[in-house]
Amino acid sequence: MNFNLIIWGSKEYEEMVELRHNILRKPLGLHYSEDYLAEEKNDILIGAYKKDQLLGCCILRIVSDEVVQLKQMAVAVEAQYTGIGSQIISFAEETARNIGHGRIFMHARKIAVTFYQKLGYQIRGEEFEEVGLPHVLMTKELL
């Protein structure tokens, strides 16, 4: 598995948007707006590749000098339950640490909470709804 930082607006970015759409939005009948995607211009875009095929991705958004938000975690259907998701999270955490951030948080879909807990994330606060699905706030200190 190779991990690459993806440049916003590139061909690889378009592939990333398509993967995220197919996994995260299409099943809910949702689409990305141009404004939503434009907000990603300054984010850290991470892709996981096997040969030249994008199998997973996530986004890190810098929130402050100390904190980053993990967003838009997606793994291709054929690669789910193979360990790629854990590898993506590990790479994202390492990337955040390398640029000096000590804490990471996310809005995790409730169905993914156990996955993130196994990786050391903790639930903070009450359940809430986002994109029509139950979510929880989860955090992890990056030591």
Side-chain angles (χ1 to χ4, degrees), residues 1-33 36-125 127-143:
M1 189 65 46
N2 294 318
F3 296 94
N4 295 328
L5 298 181
I6 295 172
I7 297 169
W8 187 88
S10 67
K11 177 178 89 56
E12 292 80 10
Y13 175 73
E14 296 304 322
E15 291 172 354
M16 178 188 198
V17 171
E18 182 179 352
L19 174 63
R20 290 167 32 209
H21 172 75
N22 289 337
I23 299 300
L24 302 173
R25 296 295 171 118
K26 188 176 180 179
L28 303 175
L30 301 174
H31 299 278
Y32 292 109
S33 70
Y36 184 94
L37 295 175
E39 290 177 14
E40 298 175 353
K41 191 175 248 182
N42 297 314
D43 292 338
I44 299 165
L45 310 168
I46 296 171
Y49 292 85
K50 186 172 184 179
K51 298 187 181 178
D52 289 335
Q53 183 182 5
L54 178 66
L55 293 180
C57 61
C58 73
I59 295 173
L60 291 177
R61 178 163 290 167
I62 297 171
V63 176
S64 71
D65 290 342
E66 178 69 17
V67 179
V68 295
Q69 180 180 10
L70 187 135
K71 301 174 55 99
Q72 296 290 296
M73 173 75 181
V75 175
V77 171
E78 67 272 16
Q80 291 177 5
Y81 305 102
T82 65
I84 289 172
S86 298
Q87 292 176 49
I88 294 169
I89 295 294
S90 180
F91 183 84
E93 290 172 356
E94 180 182 333
T95 301
R97 261 190 238 94
N98 288 343
I99 59 174
H101 296 341
R103 187 175 319 127
I104 190 168
F105 80 93
M106 71 183 77
H107 295 172
R109 290 182 180 190
K110 193 170 179 186
I111 62 168
V113 166
T114 302
F115 166 75
Y116 291 117
Q117 285 175 320
K118 289 178 183 176
L119 299 174
Y121 287 81
Q122 298 179 340
I123 296 172
R124 303 285 186 219
E127 187 178 301
F128 59 93
E129 187 175 301
E130 194 169 86
V131 295
L133 297 173
H135 283 68
V136 292
L137 175 67
M138 299 188 82
T139 65
K140 183 176 181 179
E141 298 298 319
L142 302 174
L143 305 174

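Source: prediction; values computed, not measured.
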Would you please test Glu93 and Arg97 for side-chain contact (heavy atoms from CB on, under 4.5 Å) and show each step? CA-CA 6 Å; Glu93 290 172 356; Arg97 261 190 238 94; 4.0 Å; yes
Taking it one step at a time, do Ile89 and Met73 satisfy side-chain contact (heavy atoms from CB on, under 4.5 Å)? CA-CA 9 Å; Ile89 295 294; Met73 173 75 181; 4.0 Å; yes
Going through the distances and angles, do Asp43 and Leu60 end up as a side-chain contact (heavy atoms from CB on, under 4.5 Å)? CA-CA 6 Å; Asp43 292 338; Leu60 291 177; over 6 Å; no
Quick one, Arg25 with Arg20, criterion side-chain contact (heavy atoms from CB on, under 4.5 Å). Give me CA distance, side-chain angles, the key distance, then yes/no. CA-CA 7 Å; Arg25 296 295 171 118; Arg20 290 167 32 209; over 6 Å; no
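At a threshold of 4.5 Å between non-hydrogen side-chain atoms, the residues Leu45 and Ile7 do not count as touching. Residues Val131 and Leu30 meet the side-chain proximity criterion, which asks for heavy atoms closer than 4.5 Å. Between Asn4 and Ile46 the shortest side-chain heavy-atom distance does not fall below 4.5 Å. A 4.5 Å side-chain heavy-atom check between Leu37 and Tyr13 finds at least one atom pair inside the cut-off. Here the side chains of His101 and Ile62 are in contact, with some heavy-atom distance below 4.5 Å.
Thr95 contributes a side-chain N or O that, together with a main-chain N or O of Phe91, makes up a donor-acceptor pair within less than 3.5 Å. Without hydrogens or angle criteria, Gln87 side chain to Met1 main chain gives no donor-acceptor distance under 3.5 Å. His31 places no side-chain N or O within donor-acceptor distance of the main-chain N or O of Gly29, the cut-off being under 3.5 Å. Looking at Lys140, its side chain does come within 3.5 Å of a backbone N or O of Leu119 through a donor-acceptor pair.
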Side-chain donor-acceptor pairs under 3.5 Å in residues 104-116, sequence neighbours left out?
from   : atom 1 : to     : atom 2 : distance (Å)
His107 : ND1    : Glu130 : OE2    : 2.8
Arg109 : NH2    : Leu24  : O      : 2.9
Lys110 : NZ     : Glu127 : OE1    : 2.8

Can I get a per-line list of side-chain donor-acceptor pairs under 3.5 Å for residues 48-59, giving both atom names and the distance, sequence neighbours left out?
from  : atom 1 : to    : atom 2 : distance (Å)
Gln53 : NE2    : Glu78 : OE2    : 3.2

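Sparse packing is recorded around OH of Tyr81, with 12 or fewer heavy atoms of other residues, nucleotides or ligands lying under 6.0 Å away.
Annotation: the span from Ile6 atom CD1 to Glu40 atom CD amounts to 10.5 Å, rounded to 0.5 Å. Once rounded to the nearest 0.5 Å, the distance linking OH of Tyr121 with OG1 of Thr139 reads 9.0 Å.
There is a side-chain donor-acceptor pair under 3.5 Å between Gln72 and Tyr32.
Nearest approach of Ala96 to Val68, heavy atoms of both residues: CB-CG2, 3.8 Å. Shown here for Ile84 and Ala79, the closest heavy-atom pair between the two residues is CD1-CB, 3.5 Å.
Qualifying side chain to side chain contact (heavy atoms under 4.5 Å, CB included) partners for Gln122, counting only residues two or more places apart in sequence or in other chains: Arg124. With sequence neighbours excluded, the residues forming a salt bridge (Lys or Arg N to Asp or Glu O under 4.0 Å) with Arg103 are Glu141, listed by chain and number. Residues forming a salt bridge (Lys or Arg N to Asp or Glu O under 4.0 Å) with Glu15 (at least two apart in sequence, or on another chain): Lys11. Residues meeting the salt bridge (Lys or Arg N to Asp or Glu O under 4.0 Å) test with Glu39, sequence neighbours left out: Arg61.
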